[in-house]
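Taking it in order: structure first as structure tokens, then the write-up.
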Amino acid sequence: MRLGLALGYWGRGPSPDRLDLAREAERLGYDSVWTAEAWGSDAFTALTWIAAHTSRIRLGTAVAQMAARAPTTTAMHALTLDHLSGGRVLLGLGLSGPQVVEGWYGRPFPRSPLTATREYVDVVRQVLRREAPVRLDGRHHSHPYNGPDGTGLGKALKPITHPLRADVPVLLGAEGPRNITQTLAIADGWLPLYWTPERWAEVYALPATLPEGFLVAPMVRARLCEDVAEGLLPVKAMLGFYIGGMGHAARNFHADLMGRMGYEKEARRIQELFAAGRREEAVLAVPDAFADEISLVGPRRRIAGRLETWRRGPVTDLLVTSPDPATLRLLAELNA
């Protein structure tokens with residue numbers, strides 16, 4: 001099981017320690033570093049900055065939002081950064097949800113998200129293979145564009161720049177059962193949001209045998225500390241925001257996943273509190289048991305024991321979210 005450093009997206013502004021953390025992770029032998037985006041900082045610019053200040057560590061997006069860019073634009077980002085970094089890119093993509101797609105990107109959330117994802121990945125792979133001009137007569141993506149409001153002058157093109165690698169790994173953030181099944185069929189890896197090392201087979205209904213070389217790369221919040229309850233507070237804060245505020249009450253994929261993990265009543269309560277502006281109560285309503293199940297928090301011995309549980313499953317890459325160099329060092333020692 002390889003280790004990765006998950007830096008996420010910026011909050012109010014860039015954190016001054018992000019680059020130092022990425023460099024420390026590379027020094028410690030971490031295999032990858034990952035950036036994200038929501039409706040603020042973008043994933044690729046921050047990752048390019050890290051690429052310029054590192055030499056070995058692989059560079060992943062977890063995730064770049066599909067609604068933010070045409071698939072050809074995303075492929076351009078990936079092939080450009082792959083050249084600049086010497087072939088270190090891991091392209092993680094996510095569909096996001098209706099609230100963000102329609103509220104931030106100003107476009108309709110696809111009525112057939114599985115089809116939209118499949119078409120998007122198809123176009124990205126066509127660009128990176130550069131075998132022929134990109135062509136797709138899709139429901140959501142048309143290359144060349146053939147809509148009724150077009151000029152009819154569109155020309156099928158292939159990238160001017162020859163990609164460094166035709167096989168840049170494409171990973172998908174997927175939460176629903178059908179989405180996960182499709183991810184296994186069309187992607188090189190999967191980026192689970194909440195991973196339970198003890199109940200993954202039950203929660204995700206994965207097949208007994210995964211495709212050869214397939215990456216399973218969940219994120220885990222980690223913190224080396226003596227007080228477990230205190231250490232879980234940042235985990236609960238994250239969960240409170242994602243479950244309560246990252247999506248509409250009627251359609252929130254994160255809340256749905258929490259429900260499938262056995263906490264449906266608690267998830268709905270968190271949504272109610274968050275919607276009412278009672279955010280601190282929403283955070284406190286997150287069950288400690290749920291926050292603990294999907295994280296690595298506590299003293300060294302506790303983290304060491306729990307890390308063994310993560311190893312026993314199909315996880316290939318554990319993406320660690322922690323601003324604490326001591327925690328990163330401990331996990332590197334335990335995983336050596």
Side-chain angles (χ1 to χ4, degrees), residues 1-8 25 30-37 43-44 47 50-51 56-66 69 71 74-75 77-79 81-82 85 87-96 113-114 116-129 163-197 200-201 203-220 253 257 294 310-321 335:
M1 186 175 71
R2 294 176 294 261
L3 294 179
L5 172 65
L7 293 173
Y30 278 59
D31 178 75
S32 56
V33 58
W34 302 73
T35 56
E37 57 190 12
F44 288 103
L47 202 60
I50 293 169
R56 177 198 56 79
I57 197 166
R58 292 198 291 173
L59 309 157
T61 55
V63 293
Q65 296 180 329
M66 295 185 220
R69 306 164 189 87
T74 294
H77 278 299
L79 77 83
L81 182 52
D82 207 44
S85 66
R88 292 191 275 155
V89 167
L90 297 157
L91 182 58
L93 303 172
L95 201 57
S96 193
L114 291 175
T117 299
R118 187 168 59 251
E119 292 177 2
Y120 200 102
V121 172
D122 184 356
V123 173
V124 168
R125 292 201 189 278
Q126 286 191 53
V127 173
L128 294 175
R129 286 195 300 263
L164 181 65
R165 294 184 295 162
D167 57 350
V168 171
V170 175
L171 298 88
L172 295 176
E175 295 179 51
R178 293 173 61 207
N179 202 348
I180 294 170
T181 298
Q182 176 172 271
T183 297
L184 291 167
I186 69 171
D188 302 300
W190 172 38
L191 295 160
L193 184 59
Y194 309 139
W195 182 264
T196 164
W200 58 267
V203 171
Y204 293 113
L206 296 178
T209 303
L210 298 179
E212 185 177 355
F214 191 82
L215 305 178
V216 178
M219 293 188 186
V220 60
F253 302 129
L257 175 57
I294 63 172
W310 288 77
R311 287 184 205 267
R312 288 196 290 269
V315 173
T316 61
D317 297 79
L318 188 62
L319 310 187
V320 180
T321 298
N335 199 56

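Computed from a predicted model, the values in this text were never measured in an experiment.
The closest side-chain heavy-atom distance from Thr196 to Tyr194 is not below 4.5 Å. Leu3 is not listed as a side-chain neighbour of Asp317, based on a closest heavy-atom distance of 4.5 Å or more. Residues Asp82 and Leu91 fail the side-chain proximity criterion, which asks for heavy atoms closer than 4.5 Å. Residues Phe214 and Thr183 meet the side-chain proximity criterion, which asks for heavy atoms closer than 4.5 Å. Between Leu128 and Asp167, the closest side-chain pair of non-hydrogen atoms is not below 4.5 Å. Val315 is listed as a side-chain neighbour of Pro218, based on a closest heavy-atom distance under 4.5 Å. The shortest side-chain heavy-atom distance between Leu90 and Leu59 does not fall under the 4.5 Å cut-off. Looking only at side-chain heavy atoms (C-beta outward), Arg58 and Arg2 come within less than 4.5 Å of each other.
A distance of 5.0 Å separates CG of Leu7 from CD1 of Ile50, quoted to the nearest 0.5 Å. Separation of atoms CG (Leu47) and CH2 (Trp34) is listed at 9.5 Å; rounding is to 0.5 Å. Atom CG of residue Leu319 and atom CG of residue Leu5 lie 9.0 Å apart, to the nearest 0.5 angstrom. Remark: Ser85 OG to Leu164 CG distance equals 8.0 Å, nearest 0.5 Å. Rounded to the nearest 0.5 Å, atoms CG (Leu206) and CG (Leu184) are 6.5 Å apart. Here the straight-line distance linking atom CZ of Arg118 with atom CG of Asn179 works out to 10.5 Å at 0.5 Å rounding.
Within the 3.5 Å criterion, the main-chain N or O of Ile57 finds a donor-acceptor partner in the side chain of Arg88. Distance alone, capped at 3.5 Å, is enough to place a donor-acceptor pair between the Glu37 side chain and the Gln65 backbone. The backbone N or O of Leu114 sits less than 3.5 Å from a side-chain atom of Gln182, completing a donor-acceptor pair. Panel note: side chain Arg165, backbone Val89; a donor-acceptor pair is recorded below 3.5 Å. Side-chain atoms of Thr316 come within 3.5 Å of backbone N or O of Val216 as a donor-acceptor pair. No donor-acceptor pair closer than 3.5 Å links the side chain of Thr61 to the backbone N or O of Ala43.
Salt bridge present: Asp188 and Arg125 bring a charged side-chain N and a carboxylate O closer than 4.0 Å.
In this pair, Trp195 and Trp190 present their aromatic rings perpendicular. The plane angle is above 60°, beyond the 30 to 60° band.
Tested against Pro71, the residues Val124, Val127, Val121 include a single side chain to side chain contact (heavy atoms under 4.5 Å, CB included) partner, Val124.
No hydrogens or angles considered: a donor-acceptor pair under 3.5 Å links the side chains of Thr74 and Tyr120. Checking Asn335 against Arg311 by side-chain atom types alone, a donor-acceptor pair falls below 3.5 Å.
Of all heavy-atom pairs spanning Ala64 and Arg69, the tightest one is CB-NH1, 4.1 Å. Between Pro192 and Tyr204, the shortest heavy-atom distance links the atoms CB-OH, 4.2 Å.
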Can you give the donor-acceptor pairs under 3.5 Å from side chains of residues 169-176 to other protein atoms, not counting sequence neighbours?
| residue | atom | partner | partner atom | Å |
| --- | --- | --- | --- | --- |
| Glu175 | OE1 | His254 | ND1 | 3.3 |
| Glu175 | OE2 | His254 | ND1 | 3.0 |

